[in-house]
Amino acid sequence: MSDRRRAGQSANQRYQELARAWRRRRRPLLVGWLALAVVLIAVGNFVGDEWKASVGAIGGVFLGSLVYALVSPPDRIDNWYWGSQGERKTAKALRRLPKEEWRVWHDLLREDGTNIDHVVVGVAGVFLLDSKTLTGRITVDNAGLHTQWLEDSHVARVSRATFGQVAAASAELKDRIQAATGIVAWVQPVVVLWGRFEQGIVRTDDIIFVHGNELVRCLCDSAPARRAFDRAQIADFLDQAARDGLPASKRAEPAHSPHDEAS
């Protein structure tokens with residue numbers, strides 16, 4: 001069995017845990033809803049023909065509502081699912097990188113249970129990738145990451161949370177690599193956006209924001225690393241991190257969550 005973790009594995013596990021807890025909490029209500037639906041359908045067998053269709057329709061609505069309630073947790077939980085899907089899309093895109101020039105790791109676990117979505121190492125350097133699936137029209141500028149409703153252009157959200165989080169995560173990984181290997185290598189933070197991001201690629205605050213479809217081109221077109229470094233030694237460190245988790249770091253970094261930006 002492979003000891004390498006799959007892209008989106010942590011986010012999907014978190015989604016499954018939260019969804020199960022949410023359904024357990026709602027089980028008494030759902031059982032009562034199901035019982036009422038069954039009663040209505042049963043009553044339909046004994047009413048006159050002129051009422052059968054109406055009673056059956058009402059029972060069907062109750063059953064449909066039950067199914068929807070079972071499979072549709074609230075957004076705060078559903079965001080973990082969409083986060084895992086974004087990470088899987090990124091992993092699929094990264095398969096197009098030339099294997100002789102690039103190495104890729106997914107879902108590297110920290111000691112506190114949080115994770116790094118993806119790390120990529122190549123001649124252009126070390127890249128930390130954070131995947132996000134967002135709805136609406138996405139734009140990025142110095143003010144932050146903007147998400148605008150497609151239905152109403154006047155409704156928009158602006159956030160800089162991702163800027164600080166991905167920059168801190170990259171600095172933290174740089175520190176871990178240096179502590180373990182002695183190598184000082186810049187770790188480039190990259191936010192991979194899945195959604196309507198028409199700008200394609202934006203560089204601001206030393207962070208690259210890139211649409212997932214442009215990711216491979218962006219990486220391959222990147223300038224060579226700022227300084228030469230031993231890629232094999234860093235790859236060995238990341239291989240061990242994939243097996244055993246990242247070693248402890250003195251640098252504190254906020255926990256990654258798909259709630260940091262709207263999904």
Test side-chain contact (heavy atoms from CB on, under 4.5 Å) on Thr162 and Lys132 and set out the steps. CA-CA 10 Å; Thr162 292; Lys132 292 195 175 295; 3.1 Å; yes
[X] [atom1] to [Y] [atom2] distance, which is reported to the nearest 0.5 Å:
{"X": "Thr139", "Y": "Gln148", "atom1": "OG1", "atom2": "CD", "value": "7.0 Å"}
{"X": "Ile183", "Y": "Arg227", "atom1": "CD1", "atom2": "CZ", "value": "11.0 Å"}
{"X": "Arg243", "Y": "Leu238", "atom1": "CZ", "atom2": "CG", "value": "10.5 Å"}
{"X": "Ile201", "Y": "Leu193", "atom1": "CD1", "atom2": "CG", "value": "11.5 Å"}
{"X": "Arg88", "Y": "Asp107", "atom1": "CZ", "atom2": "CG", "value": "10.5 Å"}
{"X": "Ser170", "Y": "Ile116", "atom1": "OG", "atom2": "CD1", "value": "8.0 Å"}

Indicate the atoms forming the closest heavy-atom contact of [X] with [Y], along with that distance.
{"X": "Gly144", "Y": "Val158", "answer": "CA-CG1, 4.3 Å"}
{"X": "His106", "Y": "Leu94", "answer": "CE1-CD1, 4.0 Å"}
{"X": "Glu87", "Y": "His118", "answer": "O-CE1, 3.3 Å"}
{"X": "Val140", "Y": "Gln199", "answer": "N-OE1, 2.7 Å"}

With heavy-atom distances below 4.5 Å as the criterion, would you say the side chains of [X] and [Y] are in contact?
{"X": "Leu246", "Y": "Leu173", "value": "yes"}
{"X": "Phe163", "Y": "Asp206", "value": "no"}
{"X": "Leu129", "Y": "Asp117", "value": "no"}
{"X": "Leu219", "Y": "Val210", "value": "no"}
{"X": "Lys174", "Y": "Leu128", "value": "no"}
{"X": "Gln165", "Y": "Asp130", "value": "no"}
{"X": "Ile138", "Y": "Leu145", "value": "yes"}
{"X": "Trp102", "Y": "Val216", "value": "no"}

Answer with yes or no whether the side chains of Asp239 and Trp105 bring together a donor and an acceptor at under 3.5 Å.
->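 Side-chain D/A pair, Trp105 to Asp239: present.
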Practice problem: Ignoring hydrogens and angles, state whether a donor on the side chain of Thr90 or Trp194 is under 3.5 Å from an acceptor on the partner side chain. | Solution: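 Note: Thr90 and Trp194 side chains meet the donor-acceptor criterion.
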Determine the interplanar angle of the Phe197 and His211 rings, folded into 0 to 90°, and report it as parallel if under 30°, tilted if 30 to 60°, perpendicular if over 60°. parallel
Main-chain N/O of [Y] paired with [X] side-chain donor or acceptor, under 3.5 Å:
{"X": "Thr114", "Y": "Arg110", "result": "no"}
{"X": "Glu101", "Y": "Val123", "result": "no"}
{"X": "Gln188", "Y": "Gly125", "result": "no"}

Hits for side-chain hydrogen bond (donor to acceptor under 3.5 Å, both in side chains) against Arg217, two or more places apart or cross-chain, chain-then-number order -> Glu214
Worksheet item: Mind checking what makes side-chain hydrogen bond (donor to acceptor under 3.5 Å, both in side chains) contact with Arg96, not counting sequence neighbours?
Response: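 By the side-chain hydrogen bond (donor to acceptor under 3.5 Å, both in side chains) rule, Arg96 matches no residue at all.
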From CA spacing to verdict: side-chain contact (heavy atoms from CB on, under 4.5 Å), Thr147, Thr135: CA-CA 7 Å; Thr147 51; Thr135 57; over 6 Å; no
Could you go through Ser131 and Lys89, starting from their C-alpha distance and side-chain angles, then the distance that decides it, and tell me whether this counts as side-chain contact (heavy atoms from CB on, under 4.5 Å)? CA-CA 9 Å; Ser131 296; Lys89 288 182 180 179; over 6 Å; no
(Q) Please evaluate residues Val119 and Val126 with respect to the criterion side-chain contact (heavy atoms from CB on, under 4.5 Å), reporting the C-alpha separation (whole Å), side-chain torsions for both, the decisive distance (0.1 Å), and the verdict. (A) CA-CA 7 Å; Val119 178; Val126 182; 4.1 Å; yes
Contacts satisfying salt bridge (Lys or Arg N to Asp or Glu O under 4.0 Å) that involve residues 179-205 (not counting sequence neighbours) are Arg160-Asp205
Are Ile208 and Leu97 in one and the same hydrophobic cluster, where Ile, Leu, Val, Met, Phe, Trp and Tyr link if side-chain heavy atoms are under 4.5 Å apart?
yes
